[in-house]
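Scroll down for the structure; my scribbles are underneath it.
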Amino acid sequence: MKEKEVTKADRKQFIRDVTSCGYYNRKMIAIANRLEDIHVKLVGVKSIAPKQYIIENKKPFSVQGINSLIVDEEKYILERDECMKKINEIRPLFEQIPLEIQTIMIEIYCIGMNHTKTAENHNMDRSPMYRNINKEIDNILKKR
């Protein structure tokens, strides 16, 4: 079987996909917070009383208000699922990369850490660090 030729554009696309995963993770956290807000508005907050559960902070809503919250909840759930789908497209390839290189890539491309500090944290110089990243990306993309 002939190995696929990996171009610089392929490598850059993979890096963009990894960077997008960082964005989608942050977006999913924001969506989870919105869903939690909606849940609190619909159900209220439970507190433990000595004798029974008491629902506090429950605001009365009209039927139209409740329906609006339910529609918003469904919209956010679909948006969260779409983000998860995009993350799951790149995850199988990314997980084939050695753990140290994964960590470096997450620090640089997802978290946005300075590449010089990242190299120092991993006891490397910048150019060998990028060479190792590119080599591992090439190995993964050749197999694909």
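As the structure is a prediction and not an experimental result, all values here were calculated from the model.
Residue pairs meeting the side chain to side chain donor-acceptor pair (under 3.5 Å) criterion with at least one partner in residues 102-111, sequence neighbours excluded, are Glu107-His122. Annotation: side chain to side chain donor-acceptor pair (under 3.5 Å) contacts involving residues 13-22, sequence neighbours excluded, comprise Gln13-Arg16, Gln13-Asp17.
Arg91 is linked by a side-chain hydrogen bond (donor to acceptor under 3.5 Å, both in side chains) to Asn88, counting only residues two or more places apart in sequence or in another chain. For the side chain to side chain contact (heavy atoms under 4.5 Å, CB included) test, residues two or more places apart in sequence or in another chain that qualify with Lys86 are Tyr24, Glu82. Under the side chain to side chain contact (heavy atoms under 4.5 Å, CB included) criterion, Ser68 pairs with Asp72, sequence neighbours left out. Listed by chain and residue number, Thr7 satisfy the side-chain hydrogen bond (donor to acceptor under 3.5 Å, both in side chains) test with Asp10 (two or more places apart in sequence, or in another chain). Looking at residues two or more places apart in sequence or on another chain, you find a salt bridge (charged side-chain N to carboxylate O under 4.0 Å, His left out) between Glu79 and Lys27. Among residues two or more places apart in sequence or in another chain, the side chain to side chain contact (heavy atoms under 4.5 Å, CB included) test is passed with His39 by Val43. With sequence neighbours left out, Arg34 forms a side-chain hydrogen bond (donor to acceptor under 3.5 Å, both in side chains) with no residue at all. Every residue two or more places apart in sequence or in another chain that forms a side chain to side chain contact (heavy atoms under 4.5 Å, CB included) with Asn114 is listed here: Thr116, Lys117. Residues passing the salt bridge (charged side-chain N to carboxylate O under 4.0 Å, His left out) test with Arg11, sequence neighbours excluded: Asp138.
Residues Glu74 and Ile77 form no side-chain contact, since every pair of their non-hydrogen atoms from C-beta on lies 4.5 Å or further apart. Looking only at side-chain heavy atoms (C-beta outward), Lys8 and Lys12 come within less than 4.5 Å of each other.
Linking ILVMFWY residues whenever their side-chain heavy atoms come closer than 4.5 Å, directly or via other members, leaves Ile29 and Met84 in distinct clusters. Under the 4.5 Å side-chain heavy-atom criterion for grouping Ile, Leu, Val, Met, Phe, Trp and Tyr, Phe94 is not connected to Tyr23 through any hydrophobic cluster. Residues Ile38 and Met28 fall into different hydrophobic clusters, defined by Ile, Leu, Val, Met, Phe, Trp and Tyr side chains chained together at heavy-atom separations under 4.5 Å. Under the 4.5 Å side-chain contact rule for hydrophobic residues, Leu93 and Val6 share a cluster. Note on Leu99 and Ile108: separate hydrophobic clusters, where clusters join Ile, Leu, Val, Met, Phe, Trp and Tyr whose side-chain heavy atoms are under 4.5 Å apart, directly or indirectly.
Rounding to the nearest 0.5 Å gives a distance of 4.5 Å between CD1 of Ile31 and SG of Cys83. Here Glu136 contributes atom CD and Ile133 contributes atom CD1; the two are 10.0 Å apart, rounded to the nearest 0.5 Å. Distance OG1/Thr118 to CE/Met124: 11.0 Å, rounded to 0.5 Å. In this structure, Ile70 CD1 and Lys75 NZ are separated by 14.5 Å, a value rounded to the nearest 0.5 Å. Atoms CZ and CG, from Arg131 and Asp125 in turn, are 9.0 Å apart once rounded to the nearest 0.5 Å. Put simply, CD on Glu120 and CE on Met129 are 10.0 Å apart, with the number rounded to the nearest 0.5 Å.
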Take Met105 and Ile101 through the side chain to side chain contact (heavy atoms under 4.5 Å, CB included) test and state the conclusion after the steps.
-> CA-CA 6 Å; Met105 289 180 71; Ile101 303 298; 4.1 Å; yes
Is there a side chain to side chain contact (heavy atoms under 4.5 Å, CB included) between Asn132 and Glu100 once you walk through the steps?
-> CA-CA 10 Å; Asn132 289 340; Glu100 184 179 7; over 6 Å; no
Evaluate the criterion side chain to side chain contact (heavy atoms under 4.5 Å, CB included) for residue pair Asn139 and Gln96; output intermediate values, then yes/no.
-> CA-CA 9 Å; Asn139 289 341; Gln96 294 176 23; over 6 Å; no
Stepwise side chain to side chain contact (heavy atoms under 4.5 Å, CB included) test for Tyr76 and Val71 = CA-CA 9 Å; Tyr76 288 133; Val71 167; over 6 Å; no
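Within the hydrophobic cluster formed by Ile, Leu, Val, Met, Phe, Trp and Tyr side chains joined at under 4.5 Å, directly or through other members, Leu78 stands alone, with no partner residue.
The shortest non-hydrogen separation linking Cys21 to Ile90 is SG-CG2, 2.7 Å.
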